[in-house]
Participant: 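My questions all concern the structure below.
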Amino acid sequence: MFIGHGVVLRVGELFLKGKNRYIFEQALERNVRRALEGRDDVQVKPVHGRIFVLGAADEDLLGRLRWVFGISSMSTAVFCEKSIEEITAHAVKMGKDHPARAGDTFRIAARRSDKNFDHNSTEIGRIVGAAVAEATGLGVDLERPTLRIGVEVGVSWTFLWTEQRPGPGGLPVGTSGRATLLLSGGIDSPVAGHLLQKRGLELVGVYFHAFPYTGDGAKNKVIDLSRALARRQKGFRLYVVPFTEIQELLRDRADAAYLVLLYRRAMIRIAQKIAGRERITALATGESLGQVASQTLTNLGVVQDVATMPILRPLIGFDKAETIELARKIGTYEISILPHDDCCSLFVPKHPETKGHIPKATAMEAGIDLQPLLEKAFETAELLKI
Ligand code: ATP
Ligand code: MG
């Protein structure tokens, strides 16, 4: 039986029920192990729908686990011998360590899954609670205590905890399949990627690079953003697609008001080819309804028109302020706001079309020999393994 400090990871309830439970648990365990790589002082042990990290309980560990999707909450814990005396001693210590203010209260929340243990959960609560009350002078409040001391007596472990931090929730990355994320250096698309990873998707990134209009700085930003997303999954494949020739051809031959829409349609076509090569069946973008001219409902339709696979847009209902808030929280904001050139604003007039017409877009493309350039961009895309 393990004795010492550890972290208890609780798992979202939802997916624990169906027949996929096993797959989710395995994926989560794998992702936890990956997040803890290099921490050779701890052991990862899945136990009945939870995961114990045994051997330490420090901020580095909690930080590493912060974005492991599928964890609903986590607690640092003390694992001890399975005896009521040991449990009581630890609980009393926790009570004394609590920085008590006037009027503070506590409760013991005991759970016993080892039916052979001498005391049931009510008795544990009573015995341990009496000792803590006597040692600390804290009153008992079963409803809204300021200090909750959790006690769990299992078959092969006993532990106590006081704090429960929320985990990131979601589903373990990898359990929902994969999507191809159109990743620019902006604020939105990395946040979109984060939300999709949260729902269990693994991502492959595609970045359209208009060198020299968009310089190495822009590309490096996308690489840094990919690194941030890569921390939540096993490796991150980023395709850097040369986009300059396509944009120049469109600039020379198409109606300027339609340029962004035509860029986007070209991006979707190339991204789909890449998805095909990767055996992926969905695309994803950071688009949000009405945020800019190219993201009106009509124009989303003009872009969607060339897609043969679903385009996931997790930010569709987000206000910019909400996206920024989340970007800050996940640490991509600081990278995204570094100055960079955006290929979609190249050659674009002040007043682009907000109500694009699909037949018009199609007609403009029909007059241009775009296909060979799309092929070429796809063929010459650079694959970076991050
Ligand atoms: P972002 O902050 O993600 O760039 P945005 O609000 O600036 O989004 P747009 O620039 O219009 O919006 O782009 C909308 C979406 O199109 C982006 O979220 C991204 O998914 C995709 N996209 C735009 N430019 C590129 C690019 N150069 N490479 C890859 N994807 C892109
Ligand atoms: Mg952008």
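FYI, the numbering just counts along the sequence from 1.
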Participant: Taking atom NZ of Lys385 as the centre, report whether more than 12 heavy atoms of other residues, nucleotides or ligands fall under 6.0 Å from it.
Facilitator: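 Not more than 12 within 6.0 Å, no.
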
Participant: Quick check: does any side chain N or O of Ser288 sit under 3.5 Å from a backbone N or O of Phe318, one acting as donor and the other as acceptor?
Facilitator: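 It does hold such a pair.
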
Participant: Would you tell me whether Ser184 and Ser189 have side-chain atoms, one donor and one acceptor, within less than 3.5 Å of each other?
Facilitator: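 There is such a pair between these side chains.
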
Participant: Between the side chains of Thr308 and Gln272, does any donor sit under 3.5 Å from an acceptor?
Facilitator: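 Note: Thr308 and Gln272 side chains meet the donor-acceptor criterion.
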
Participant: Rounded to the nearest 0.5 Å, how far does CZ of Arg265 lie from CG of Leu370?
Facilitator: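 The CG atom of Leu370 sits 10.0 Å away from the CZ atom of Arg265.
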
Participant: What's the shortest heavy-atom distance between Lys221 and Ile335, and which atoms?
Facilitator: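 Smallest interatomic distance, heavy atoms only, reads CE-O, 3.3 Å.
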
Participant: Looking only at atom types and distance, does a side-chain atom of Lys82 sit under 3.5 Å from a main-chain N or O of Val155, one as donor and one as acceptor?
Facilitator: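 Yes: the side chain of Lys82 pairs with the backbone of Val155.
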
Participant: Given Tyr263, which of Val303, Ile268, Val348 fulfils the side-chain contact (heavy atoms from CB on, under 4.5 Å) condition?
Facilitator: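 When Val303, Ile268, Val348 are each tested with Tyr263, the side-chain contact (heavy atoms from CB on, under 4.5 Å) holds only for Val348.
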
Participant: Would you check if the side chain of Thr146 reaches a backbone N or O of Thr105 as a donor-acceptor pair within less than 3.5 Å?
Facilitator: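 Yes; at least one donor-acceptor contact below 3.5 Å.
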
Participant: Could you verify whether a donor N or O on one side chain and an acceptor N or O on the other, from Ser73 and Arg10, lie under 3.5 Å apart?
Facilitator: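 Ser73 vs Arg10: donor-acceptor pair found between side chains.
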
Participant: Applying salt bridge (charged side-chain N to carboxylate O under 4.0 Å, His left out) to Asp224 and Arg227, what does each step give before you reach the verdict?
Facilitator: CA-CA 5 Å; Asp224 285 344; Arg227 260 193 211 114; 3.0 Å; yes

Participant: For the ring pair Phe69 and His194, is the centre-to-centre distance below 6.0 Å?
Facilitator: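 Yes.
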
Participant: Looking at every non-hydrogen atom in both residues, tell me the closest pair between Met94 and Leu147 and how far apart they are.
Facilitator: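 Heavy atoms of Met94 and Leu147 come nearest at O-CD2, 4.3 Å.
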
Participant: Strictly distance-based, threshold 3.5 Å: is any side-chain N or O of Ser176 a donor or acceptor partner for the main-chain N or O of Arg199?
Facilitator: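 Present.
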
Participant: What is the minimum heavy-atom distance between Leu289 and Thr296, and which atoms define it?
Facilitator: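 Shortest heavy-atom separation between Leu289 and Thr296 comes out as CD1-C, 4.2 Å.
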
Participant: Which heavy-atom pair separates Ile149 from Ala91 by the least distance, and what is that distance?
Facilitator: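 Residues Ile149 and Ala91, closest heavy atoms: CD1-O, 3.6 Å.
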
Participant: Step by step, would you call Phe159 with Phe2 a ring pair (Phe, Tyr, Trp, His ring centres under 6.0 Å)?
Facilitator: CA-CA 10 Å; Phe159 64 83; Phe2 173 77; over 10 Å; no

Participant: Quiz question: by atom type and distance under 3.5 Å, do the side chains of Thr285 and Glu287 form a donor-acceptor pair?
Facilitator: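 Side-chain D/A pair, Thr285 to Glu287: present.
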
Participant: Looking at every heavy atom in both Gly286 and Asp188, which two are closest together, and how far apart are they?
Facilitator: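 Heavy atoms of Gly286 and Asp188 come nearest at O-CB, 3.4 Å.
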
Participant: Is there a side-chain contact between His90 and Glu86, using heavy atoms and a 4.5 Å cut-off?
Facilitator: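 They are in side-chain contact.
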
Participant: How close do Leu183 and Ser226 get, counting heavy atoms only, and between which atoms?
Facilitator: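 Nearest heavy atoms, Leu183 then Ser226: CD2-OG, 3.4 Å.
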
Participant: Between Arg112 and Phe117, is NZ or CZ placed under 6.0 angstrom from the six-membered ring centre and within 45° of the ring axis?
Facilitator: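 Because its charged atom misses either the 6.0 Å distance or the 45° angle limit, Arg112 does not stack over Phe117.
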
Participant: Strictly below 4.0 Å, N to O, side chains only: are Glu365 and Arg269 in salt-bridge contact?
Facilitator: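 The answer is yes: the pair qualifies as a salt bridge.
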
Participant: Can you confirm whether Lys360 is buried at NZ, in the sense that more than 12 heavy atoms of other residues, nucleotides or ligands lie under 6.0 Å from that atom?
Facilitator: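 Atom NZ in Lys360 is not packed in, count stays at 12 or less.
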
Participant: May I ask you to check whether over 12 heavy atoms, not counting those of Glu163, lie within 6.0 Å of atom CD?
Facilitator: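 No, CD of Glu163 has 12 or fewer neighbouring heavy atoms, counting only those of other groups under 6.0 Å.
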
Participant: Kindly say whether the aromatic ring centers of Phe79 and Phe52 come within a distance under 6.0 Å.
Facilitator: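 Ring-ring flag for Phe79/Phe52: true, centres closer than 6.0 Å.
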
Participant: Side chains of Val32 and Arg64: closer than 4.5 Å at any heavy-atom pair?
Facilitator: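 No; the side chains remain at least 4.5 Å from each other.
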
Participant: Whether Arg34 engages the ring of Trp67 as a cation-pi pair (distance to the six-membered ring centre under 6.0 angstrom, angle to the ring normal within 45°) should be assessed.
Facilitator: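 The answer is no; the distance or angle limit is not met.
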
Participant: State, with a plain yes or no, whether a side-chain heavy atom of Asp104 is found less than 4.5 Å away from one of Arg101.
Facilitator: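 Asp104 reaches Arg101 side chain to side chain.
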
Participant: Side-chain contact, heavy-atom cut-off 4.5 Å: Phe378 with Val241?
Facilitator: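 A side-chain contact under 4.5 Å is absent here.
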
Participant: Is atom NZ of Lys376 surrounded by more than 12 heavy atoms (other residues, nucleotides or ligands) closer than 6.0 Å?
Facilitator: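 Counting other residues, nucleotides and ligands, NZ of Lys376 stays at 12 neighbours or fewer.
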
Participant: Has the side chain of Lys355 got a donor or acceptor atom that lies under 3.5 Å from a matching backbone atom of Asn299?
Facilitator: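 Such a contact is absent between Lys355 side chain and Asn299 backbone.
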
Participant: Would you give the length of the straight line joining atom CG of Leu229 to atom CG of Leu181, rounded to the nearest 0.5 angstrom?
Facilitator: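 Going from CG on Leu229 over to CG on Leu181, the span is 7.0 Å.
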
Participant: Looking at Thr136 and Leu138, would you say the former's side chain and the latter's main chain have a donor-acceptor pair under 3.5 Å?
Facilitator: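 Checking the backbone N and O of Leu138 against the side chain of Thr136, a donor-acceptor pair under 3.5 Å is found.
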
Participant: Given side chains that start at C-beta, do those of Gln304 and Ile311 come closer than 4.5 Å, heavy atoms only?
Facilitator: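 Yes, close enough: below the 4.5 Å cut-off.
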
Participant: Using the salt bridge (charged side-chain N to carboxylate O under 4.0 Å, His left out) rule, take Arg33 and Glu29 through it: C-alpha gap first, then chi angles, then the decisive distance, then the call.
Facilitator: CA-CA 6 Å; Arg33 285 186 193 282; Glu29 183 190 337; 2.7 Å; yes

Participant: With a 6.0 Å cut-off (strictly less than), is the heavy-atom count around CD of Gln43, excluding the residue itself, greater than 12?
Facilitator: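 For Gln43, atom CD is not crowded (no more than 12 foreign heavy atoms under 6.0 Å).
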
Participant: Could you check Asp319 against Thr323 for side chain to side chain contact (heavy atoms under 4.5 Å, CB included), going step by step and ending with a plain yes or no?
Facilitator: CA-CA 6 Å; Asp319 293 343; Thr323 305; over 6 Å; no

Participant: Would you indicate whether the side-chain heavy atoms of Tyr258 and His357 approach each other to under 4.5 Å?
Facilitator: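 In contact.
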
Participant: Take Lys329 and Glu322 through the test salt bridge (charged side-chain N to carboxylate O under 4.0 Å, His left out) and record every step on the way to the result.
Facilitator: CA-CA 11 Å; Lys329 209 166 131 189; Glu322 292 172 309; over 6 Å; no

Participant: Taking C-beta and beyond as the side chain, do Glu152 and Arg50 meet within less than 4.5 Å on heavy atoms?
Facilitator: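 Glu152 reaches Arg50 side chain to side chain.
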
Participant: Would Glu278 and Tyr239 count as having a side-chain donor-acceptor pair, cut-off 3.5 Å?
Facilitator: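 Yes, side-chain donor-acceptor contact under 3.5 Å.
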
Participant: Between Phe243 and Phe211 (judged by ring centroids, cut-off 6.0 Å), do the two rings come close enough to count as a pair?
Facilitator: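 Distance test on ring centres: not under 6.0 Å, no.
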
Participant: Surrounding NE2 of His5 (heavy atoms of other residues, nucleotides or ligands, distance under 6.0 Å), is the total greater than 12?
Facilitator: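 Counting neighbours around NE2 of His5, 12 or fewer heavy atoms of other residues, nucleotides or ligands fall under 6.0 Å, so no.
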
Participant: With the side chain counted from C-beta on, respond yes when Glu382 and His209 share a heavy-atom pair under 4.5 Å apart, and no when they do not.
Facilitator: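 SC-SC contact between Glu382 and His209 ruled out.
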
Participant: Could you give the distance from CZ (Arg126) to OG (Ser121), rounded to the nearest 0.5 Å?
Facilitator: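 Here the interatomic distance stands at 11.5 Å.
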
Participant: Using a strict 4.0 Å threshold on nitrogen-to-oxygen distance, state whether Asp305 and Arg264 make a salt bridge.
Facilitator: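 Answer for the salt bridge query: no.
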
Participant: Determine, stepwise, if the pair Glu25 / Arg21 fulfils salt bridge (charged side-chain N to carboxylate O under 4.0 Å, His left out).
Facilitator: CA-CA 6 Å; Glu25 285 184 342; Arg21 172 180 172 150; 3.2 Å; yes

Participant: Strictly distance-based, threshold 3.5 Å: is any side-chain N or O of Asn120 a donor or acceptor partner for the main-chain N or O of Glu123?
Facilitator: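 A pair under 3.5 Å: yes.
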
Participant: Quick one: pull up OH in Tyr213 and OG1 in Thr244 and give me the separation to the nearest 0.5 Å.
Facilitator: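 Reported value, rounded in 0.5 Å steps: 7.5 Å.
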
Participant: Once you round to the nearest 0.5 Å, how far does CG of Leu261 lie from CD1 of Ile358?
Facilitator: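 Going from the CG atom of Leu261 to the CD1 atom of Ile358 covers 10.0 Å.
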
Participant: Should the pair Glu202-Arg232 be classified as a salt bridge under the 4.0 Å nitrogen-to-oxygen rule?
Facilitator: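 Salt bridge: no.
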
Participant: About how many Å separate CD of Glu85 and CD1 of Ile127, when rounded to the nearest 0.5 Å?
Facilitator: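 Going from the CD1 atom of Ile127 to the CD atom of Glu85 covers 9.0 Å.
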
Participant: Tell me if the NZ atom of Lys273 is crowded by more than 12 foreign heavy atoms within 6.0 Å.
Facilitator: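 Yes, NZ of Lys273 has more than 12 neighbouring heavy atoms, counting only those of other groups under 6.0 Å.
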
Participant: Would Gln197 and Gln233 count as having a side-chain donor-acceptor pair, cut-off 3.5 Å?
Facilitator: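 Yes.
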
Participant: Do Met309 and Leu182 belong together in a cluster built from hydrophobic side chains that touch within less than 4.5 Å?
Facilitator: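 Yes.
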
